[in-house]
Every structure is written in structure tokens, then in C-alpha cells.
Undergrad: 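My questions all concern the structure below.
Each chain gets a letter, A, B and so on, in the order its sequence line appears, and its residues count up from 1. Heavy atoms only: backbone and side chains are in, while hydrogens, waters and symmetry mates are out.
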Amino acid sequence: MKKKRILADILLVAGVLAAALIVFLLIPRGGGSTVVVTVDGKEYASLPLDEDAELLIESEGGTNLLIISGGKASVVEADCPNQVCVETGAISSEGQLIVCLPHKVVIEIVD
Amino acid sequence: MLGVMAALALVLGYVESLIPTGIPGVKLGLGNLVVLAAMYAISVRGAAAVAAVKIVLGGLLFGSFAGLLYSLAGGAASFLVMLLLKKSERFGLVGVSAAGGVVHNIAQLAVACAVLGGIKLAYMLPLLLVSGVAAGLIVGAAAIPCVKLAEKIAGKGEK
């Protein structure tokens, strides 16, 4: 009985990991060229990734400072409580995301 | 007994917010340790109470209102799935915990998708699935002695 449960546990974990791998493989990857900023589901700004720029994203919740430099986009400053967006670091390829849940801000790279 | 457990879950939830996991937004879910112990050693109802107190008070004390929404969705979904798997009696404690961790993350992602619009957040799904399993495994393994301890205390003191 106990052995059976352990087997079931292992199958469960393996199943989830397999699903993760499949989703991972399905995600398109490769060079992105545009940084799209969405606030609360609406497009806020769209910037080319190959031009250095600085954008202060102002939303209901507060502000996030987005910097595009050397083909990479990152949030360097935000007044949100958890700072997940800042800790995410720089993104540079298609499909990568920086998300600030408290401010409902999504920064993504598209082709 | 339940009050002490709820307090313990709260403290663990706070403590883990101080421990960085290396990946932004990823947490261990140590509070689930206590919820599991309550579910196995005391009663389903008791576990639900502990989970509810942890989420609502934890959200009010240490988090934001928006955060509360995510915690509620994750907590409720993972609690239901863990309960179902436990009732099925086909899975061990570790498996139940792992499933709870995964479902917790999926539910939070689903809320994020609904709030932020668009399913592009699905890009984060693989990371969240793997981290959910990993956290669930760790917490599940750690929960085994906790359940024994809780059974001992509950058996003697009877709530």
C-alpha cells in the first residue's frame, strides 16, 4: 500500500515536470525587436529594443522606471512593495516578460 | 491547538518572505507545512481554518490587497486539490504536497492572466510548474515529522 503511494507520487511529479517541459518547448523563442509595455491590459507604449531609451511607466499603483540599453530591457526602479519586476533583471529575447503585479504592468518583448 | 497552528503558519509565512529563493516571485510555501499537518493530524475543517487565517491575516499584515487576491486563489485551489488527492488515498503526503504547490502556482498565474489580460503570462508557466513541484516536495518531506508531532499533541490534548 505504501509502495503504491510512493509510485503514485513519483508519477504525479513526473507528469507535472513533463507538462512543464512541453510548455517550455512550445514557447516561441528567438530574437525579439520591440518592447511592449501594457498597463492594466491596455497598451501603454511600444519601443524598439535596439535604441537606448528610458521610460517612466506611470500607473494607478505607482511608477516603474524602464530602461532599454544595449538591446536589453530592464526595470531599474519601482515603488511597488515586492520589487519582483526589478529583481527579474534584463530581458532581451522574444517571449520574455517583466511583470509588476501590484501595478498591473507587463513588459514584454515581441518580434 | 488550531489557534497555535494558525499562528505558526502566519509566522512561517512571514519568515519565508525574508528568505530569498534566488528566483523572483518564487516562494517555498512553508505555511503549507502547518496546513498539511492540520489536515492529516486533526481535521479537514481545522486545516481549512488554519489556511484561511494564514491567508487573510498574512495578507493584511505583511502584504497588499492585490497580493491577498493571489494568495486566496492559490490557497483555495491548492487546498481543494490536496484534499481531493488525500481523500483518494492513492497518494502519499509528499505527492499531495507537490500537487498543492503546483496548483497554487497555476491558480495564481490564472488570476494574473485575468487581472492583466492576455495569456502571454503562460510563458512563465514552466518555471512556475517546476518551482511548484520542487517547493511542494520539500515542504511535503518536511511535513512528515510535523504530522507525527501534531498527531501526538492532538492525541494527548484533544484540541
Undergrad: Roughly how far, to the nearest 0.5 Å, is the CZ atom of F24(A) from the CG atom of L127(B)?
TA: 9.5 Å
Undergrad: Applying the 4.5 Å side-chain criterion to the ILVMFWY set and letting contacts propagate, would L2(B) and L149(B) be lumped into a single cluster?
TA: yes
Undergrad: Hydrophobic clusters here meaning ILVMFWY residues chained together by side-chain heavy-atom distances under 4.5 Å, can you tell me if V76(A) and L56(A) are in one?
TA: yes
Undergrad: Only one of V23(A), L21(A), I22(A) clears side chain to side chain contact (heavy atoms under 4.5 Å, CB included) with P126(B); which?
TA: V23(A)
Undergrad: Of the non-hydrogen atoms in A112(B) and L101(A), which two are nearest, and what is the gap between them?
TA: CB-CD2, 3.9 Å
Undergrad: Would you give the length of the straight line joining atom CG of L11(A) to atom CZ of F91(B), rounded to the nearest 0.5 angstrom?
TA: 8.0 Å
Undergrad: Do you reckon V106(A) sits in the same ILVMFWY cluster as L65(A), going by side-chain contacts under 4.5 Å, direct or chained?
TA: no
Undergrad: Apply the test side-chain contact (heavy atoms from CB on, under 4.5 Å) to residues L129(B) and L17(A): give CA-CA distance (whole Å), side-chain angles for both, the deciding distance (0.1 Å), then the verdict.
TA: CA-CA 7 Å; L129(B) 286 178; L17(A) 292 181; over 6 Å; no
Undergrad: So for V16(A), is it side chain, backbone, both, or neither that comes closer than 4.5 Å to the heavy atoms of chain B?
TA: both
Undergrad: Counting heavy atoms not belonging to E60(A), are there more than 12 under 6.0 Å from its CD?
TA: no
Undergrad: Check for me, please, whether I67(A) and V99(A) land in the same ILVMFWY cluster - side-chain distances under 4.5 Å, paths through other members count.
TA: no
Undergrad: Measuring from atom CG of L12(A) to atom CG of L85(B), what distance do you get when rounded to the nearest 0.5 angstrom?
TA: 6.5 Å
Undergrad: Enter the distance from L93(B):CG to I6(A):CD1 here, rounded to the nearest 0.5 Å.
TA: 11.5 Å
Undergrad: Using non-hydrogen atoms only, which part of V86(A) is less than 4.5 Å away from chain B: side chain, backbone, both, or neither?
TA: neither
Undergrad: Any link between I144(B) and V139(B) through a network of hydrophobic side chains (Ile, Leu, Val, Met, Phe, Trp, Tyr) touching at under 4.5 Å?
TA: yes
Undergrad: Could you walk me through whether R5(A) and V94(B) pass the side-chain contact (heavy atoms from CB on, under 4.5 Å) test, one step at a time?
TA: CA-CA 10 Å; R5(A) 286 192 185 178; V94(B) 176; over 6 Å; no
Undergrad: For K104(A), does the NZ atom have more than 12 heavy-atom neighbours from other residues, nucleotides or ligands under 6.0 Å away?
TA: no
Undergrad: Taking everything shown except Y44(A) itself, do over 12 heavy atoms lie less than 6.0 Å from its OH?
TA: yes
Undergrad: Can you tell me how far the OG1 atom of T88(A) sits from the CE atom of M124(B), to the nearest 0.5 Å?
TA: 6.5 Å
